[in-house]
Amino acid sequence: MFFEPQQLTTDIEIGNGRVAIAFEYDGRDFHGWQQQKSGVRSVEANLAAAVGKVANHPVDLVCAGRTDAGVHASYQIAHFETPSIRSLRSWVMGINTALPSDIAVHWAGNGTDDFHARFSAVYRRYRYVIYNHPVRPGIQRGQVSWTFRPLDADRMHEAAQALLGEHDFSSFQAAGCQSRTPIRYMERIAVTRKGNFVVIDVQANAFLHHMVRNIAGALMTVGAGQKPAQWIHDILGARDRTVAGVTAPPHGLYLVDVGYPGHFGIPQAECGPGFLRPWFDRSENRPIPPTHIHPKQPVKQA
């Protein structure tokens, strides 16, 4: 998970204030991050219950970015407030003991008063993984997207470069998105083929609801030869969701990195997911320093 190894030491006291945690989850059996009505399984509800057992009181979690039903995270950050003090090892091992098997916490640390898992983040990075083969996957069902139509990854990459920079991404925004503005800065987008897999790797200061999945759906249409590469540029300029085509399935989407200024002390990710990591060299999995950082909103208390 981390670019540099993190030791589960018992020597560091963590707590009595804001605590940050780094964790991963398999999104297949969750209805997304956000806690919902009783009986609907969410990452937030399961994780908050486990953290509360170790803290010995109920906690409210704030995460770096909410994920939808079926979407995974190989690296996610959240924070909570607690008067309790535990060692790093006690937080991590204790929380994991109380968690279901499809969530795992890997790190905990003291957060400064001005640290906020969401508002302090300067970028997010996702990878969308497509299994491109005539036969659907069996073992990796629910872990990757799938299309039987042959995809031209080089053509997808060429088309995707139209999205770089700061744009109005209304054409790739879900109808129910609650963001105050559709303006986002796309730092990087790359499409590569690794055998039968096509990987879309994208980093921006932030993302709109369904933005990555809508981009992936449009790029798959281009890769299958159903639309020219210019179509992505035209979609962006239209600022109209109805022209962008279908939303790609959630199963192939992974939150793989969230970046913070160094003084917050959040360990950097080695981008995943785990089965994908060996396909790229370490430099391709390392964090990408952002070149464009928007002024931050005032930090809101959890």
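This one's a predicted model, so the numbers in the text were calculated from it and none came from an experiment.
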Determine whether more than 12 heavy atoms belonging to other residues, nucleotides or ligands lie under 6.0 Å from atom NE2 of His233. no
Cation over ring, Arg239 on Phe172, under 6.0 Å and within 45°? no
Sub-3.5 Å donor-acceptor pair from the side chain of Asn110 to the main-chain atoms of Gly15, do we have one? yes
Modelled atom types, side-chain donor and acceptor of Arg241 and Asn214, under 3.5 Å: yes
Identify each donor-acceptor pair in which a side-chain atom of residues 265-279 lies under 3.5 Å from a protein atom, sequence neighbours left out, and give them as a table.
| residue | atom | partner | partner atom | Å |
| --- | --- | --- | --- | --- |
| Arg277 | NE | Glu270 | O | 3.3 |
| Arg277 | NE | Cys271 | O | 3.3 |
| Arg277 | NH2 | Glu270 | O | 3.1 |

Between Glu13 and Ser87, does any side-chain donor sit less than 3.5 Å from a side-chain acceptor? no
Donor on one side chain, acceptor on other, His210 and Gln173, under 3.5 Å: no
Derivation and outcome, salt bridge (Lys or Arg N to Asp or Glu O under 4.0 Å), residues Asp113 and Arg18: CA-CA 7 Å; Asp113 290 342; Arg18 183 160 295 187; over 6 Å; no
Which heavy atom of Ala117 sits nearest to which heavy atom of Ile77, and what is that distance? CB-O, 3.9 Å
Heavy-atom side-chain proximity of His31 to Ser42 below 4.5 angstrom: no
Quiz question: by atom type and distance under 3.5 Å, do the side chains of Arg66 and Gln34 form a donor-acceptor pair? yes
Can you find a side-chain donor-acceptor pair between Thr67 and Tyr25 that sits under 3.5 Å? yes
Is a salt bridge present between Asp68 and Arg213, judged by a nitrogen-to-oxygen distance below 4.0 Å? yes
Output the distance between atom CZ (Phe115) and atom CZ (Phe264), rounded to the nearest 0.5 Å. 7.0 Å
Between His57 and Thr82, do the side chains contain a donor N or O and an acceptor N or O under 3.5 Å apart? yes
Output the distance between atom OH (Tyr75) and atom CZ (Arg125), rounded to the nearest 0.5 Å. 12.5 Å
Side chain to side chain, Met220 and Thr147, heavy atoms closer than 4.5 Å: yes
What is the ring orientation for Tyr126 with Phe207, classed by angle as parallel under 30°, tilted 30 to 60°, or perpendicular over 60°? perpendicular
Output yes when Arg41 and Asp102 qualify as a salt bridge under the 4.0 Å nitrogen-oxygen rule, no when they do not. yes
Starting from the C-alpha separation in whole Å, work towards a yes-or-no answer on ring pair (Phe, Tyr, Trp, His ring centres under 6.0 Å) for Phe80 and Trp91. CA-CA 12 Å; Phe80 60 93; Trp91 279 117; 5.5 Å; yes
Would you mind reporting whether Gln161 and Ile189 have side-chain heavy atoms less than 4.5 Å apart? yes
Cluster link Trp107 to Val256, ILVMFWY, side chain under 4.5 Å: no
Honestly, is Arg184 close enough over Phe169, meaning NZ or CZ under 6.0 Å from the six-membered ring centre and within 45° of the axis? no
Scan Phe280, Tyr254, Tyr128 and name whichever one has a side-chain contact (heavy atoms from CB on, under 4.5 Å) with Val199. Phe280
Distance in Å, Ile235 CD1 paired with Gln230 CD, rounded so as to fall on 0.5 Å steps: 10.5 Å
Determine whether the side chains of His106 and Asn96 contain a donor N or O and an acceptor N or O closer than 3.5 Å. no
For the student: nearest non-hydrogen atoms of Arg28 and Asp26, plus distance: NH2-OD2, 2.5 Å
Distance (rounded to the nearest 0.5 Å) between Lys53 NZ and Ile95 CD1: 12.0 Å
Short side-chain donor-acceptor distance under 3.5 Å, Asn205 and Arg124: no
Donor-acceptor pair, distance only, cut-off 3.5 Å: does the side chain of Ser90 make one with the backbone of Arg86? no
